[in-house]
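By convention in this document, chain letters (A, B, ...) are assigned in the order of the sequence lines, proteins followed by strands, and residues within each chain are numbered from 1. Only a predicted model underlies this, so the values are computations on that prediction, with no experimental measurement involved.
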There are 2 protein chains.
Amino acid sequence: MAHRTISDEEFLGRALDLFRTYGYEGVSLSRLSEATGLEKASLYYRYPGGKEEIVMAVAARVVQGFEEHLFTALKAEGPPRKRVMAVAEQLRDFYCDGSKPCAINMLSIAGGGEDLKTMLRNVTQAWLKAFTEIARESGMSLSLARLRAEEAIVRIEGSLVVARALGDNAPFQRTLKLLPDLLTEA
Amino acid sequence: MAHRTISDEEFLGRALDLFRTYGYEGVSLSRLSEATGLEKASLYYRYPGGKEEIVMAVAARVVQGFEEHLFTALKAEGPPRKRVMAVAEQLRDFYCDGSKPCAINMLSIAGGGEDLKTMLRNVTQAWLKAFTEIARESGMSLSLARLRAEEAIVRIEGSLVVARALGDNAPFQRTLKLLPDLLTEA
DNA sequence: GTCTATATTAAGATAGAC
DNA sequence: GTCTATCTTAATATAGAC
């Protein structure tokens, strides 16, 4: 086959799709090669550290996605409730209506390295902080806002797990629907 | 090394620990061999179908655990609230206070076979049904009881994911604490 | 910058001794 | 019923042509 190429953006998107679906241990370089059209040697050219370096780049892209989409929507103009509704739409999109697993869940499985765990802990903390801030803006006390932020993330993550186990996205969709009340109504 | 042996009970317990920690793809026969003290050939003697048969036996044990511990506690004597408190203690035990991942989450990752998915869907549905029944006994309407049962499982699963990502079990412990209210207070 | 080809290690799986 | 030894396939990783 002739020279194929693929942008870093596109490459990381497809790699993310693999890692969130199969987990770190479930993704082989052959699988990555097949999904991206690049031979294994080319993967090593782009990422000399191999799978470990690729998964770190994927995690960095996830962090970037949180910043560009979620956190930006949370700090936009307008009333808090509207902003939370916009966030819910971003989440629906990222999780494909509940049919795709959460990268934080799948990449925090044992097997990945220590740096990966640190990135995932940091992005989860940033997510908690962002949800706490919007809840505070809605007039909640700091302690209630923190609890609601945690509850929101817990229910998003949990509903994705339950949806996958049941083969039915309804639990995720119900969770998104109650997100505005959860984060803006005391 | 001389002949070693291990009971099926003990074997499946250690195998469950591996699968819930590393996921189906992350568990190799070498890892199973090391964790159980049986050589690979002995694993094939006990489970001719290899890893796929082992993970099915592990999943069956998980189902059995749900029936023996959770569902039994839910159908015991006494007021519903007390029974839910007993269930919370069983959950605390099974998930080691929030430090061990949920087998349903980890085994429903893509890679396991279709039979495995069916078992996990069935046990999740049975769990939903059991929680719905205790909520109904507490006087809730069927539709509210169903919502609360789903919310309870969603929050258990989600808090385990968040606890793992943060490296802090507090979210799981908070979830257990509110379980009695969630399932028995309209 | 991607490819083909290949080396090396680990995984899944079986044969046969004890 | 468990072991050692071995086979086959797949995984990670590198060398060198283009």
Side-chain angles (χ1 to χ4, degrees), chain A residues 1-59 61 106-107 109-116, chain B residues 1-59 61 106-107 109-116:
Chain A
M1 209 174 297
H3 284 214
R4 294 159 293 187
T5 196
I6 182 175
S7 69
D8 281 13
E9 177 90 359
E10 179 70 14
F11 176 84
L12 289 176
R14 297 197 193 177
L16 168 58
D17 232 47
L18 288 180
F19 280 113
R20 80 196 305 199
T21 303
Y22 298 103
Y24 181 73
E25 305 256 19
V27 176
S28 64
L29 292 183
S30 312
R31 218 166 207 169
L32 279 163
S33 168
E34 191 186 6
T36 62
L38 285 178
E39 289 300 324
K40 283 187 278 185
S42 304
L43 301 183
Y44 279 100
Y45 178 82
R46 293 198 185 195
Y47 304 94
K51 198 167 83 165
E52 208 168 315
E53 189 175 341
I54 294 174
V55 81
M56 287 298 292
V58 165
R61 189 184 180 277
M106 300 302 285
L107 291 180
I109 294 170
E114 210 53 44
D115 291 350
L116 179 59
Chain B
M1 208 173 297
H3 282 215
R4 293 159 294 185
T5 196
I6 182 176
S7 69
D8 281 12
E9 177 90 359
E10 179 71 13
F11 176 84
L12 289 177
R14 296 195 194 179
L16 169 57
D17 232 48
L18 288 181
F19 280 113
R20 79 197 305 203
T21 302
Y22 298 102
Y24 181 73
E25 305 255 20
V27 175
S28 65
L29 293 181
S30 311
R31 218 166 206 169
L32 278 164
S33 168
E34 191 186 9
T36 63
L38 285 178
E39 289 300 325
K40 282 190 279 185
S42 303
L43 299 184
Y44 278 100
Y45 178 81
R46 294 197 183 196
Y47 303 94
K51 197 166 85 164
E52 208 169 313
E53 189 175 339
I54 294 175
V55 81
M56 286 299 292
V58 164
R61 188 184 182 279
M106 300 302 285
L107 292 180
I109 294 170
E114 211 53 44
D115 291 350
L116 179 58

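Remark: R31(B) engages no residue in a side chain to side chain donor-acceptor pair (under 3.5 Å) (not counting sequence neighbours). For Y47(B), the ring-ring contact (aromatic ring centres under 6.0 Å, His included) partners at least two apart in sequence or on another chain are F11(B). Under the side chain to side chain donor-acceptor pair (under 3.5 Å) criterion, E34(B) pairs with no residue at all, not counting sequence neighbours. Contacts of E39(A) classified as side chain to side chain donor-acceptor pair (under 3.5 Å), with partners at least two apart in sequence or in another chain: R4(A). The side chain to side chain donor-acceptor pair (under 3.5 Å) search around D115(B) returns none, not counting sequence neighbours. Not counting sequence neighbours, the partners of S30(B) by the side-chain contact (heavy atoms from CB on, under 4.5 Å) test are S28(B), K40(B). Under the rule for a side-chain contact (heavy atoms from CB on, under 4.5 Å), the partners of E10(B) that lie at least two apart in sequence or sit in another chain are I6(B), S7(B), R14(B).
Residues V27(A) and I54(A) are not in side-chain contact: their nearest non-hydrogen atoms beyond the backbone lie 4.5 Å or more apart.
Distance K40(B) NZ to dC3(D) P: 13 Å, rounded to the nearest Å.
For residues 24-46 of chain A, no pair satisfies ring-ring contact (aromatic ring centres under 6.0 Å, His included), with sequence neighbours left out.
Contacts of residues 42-55 of chain A with DNA chain C (heavy atom under 4.0 Å): S42(A), Y45(A), R46(A). The stretch residues 5-19 of chain A does not touch DNA chain D, since none of its heavy atoms comes less than 4.0 Å from the strand. A heavy atom closer than 4.0 Å to some atom of DNA chain C occurs in G37(A), L38(A), E39(A), these being the qualifying members of residues 21-39 of chain A. In the region residues 109-116 of chain A, proximity to DNA chain D at under 4.0 angstrom, judged on heavy atoms, holds for none of the residues.
Expressed to the nearest 0.5 Å, how far CG of L16(A) lies from CG of L107(A) amounts to 7.5 Å.
Within a 6.0 Å radius of CD in E52(A), other residues, nucleotides and ligands contribute 12 heavy atoms or fewer.
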Test side-chain contact (heavy atoms from CB on, under 4.5 Å) applied to R46(A) and D8(A), step by step: CA-CA 9 Å; R46(A) 293 198 185 195; D8(A) 281 13; 3.0 Å; yes

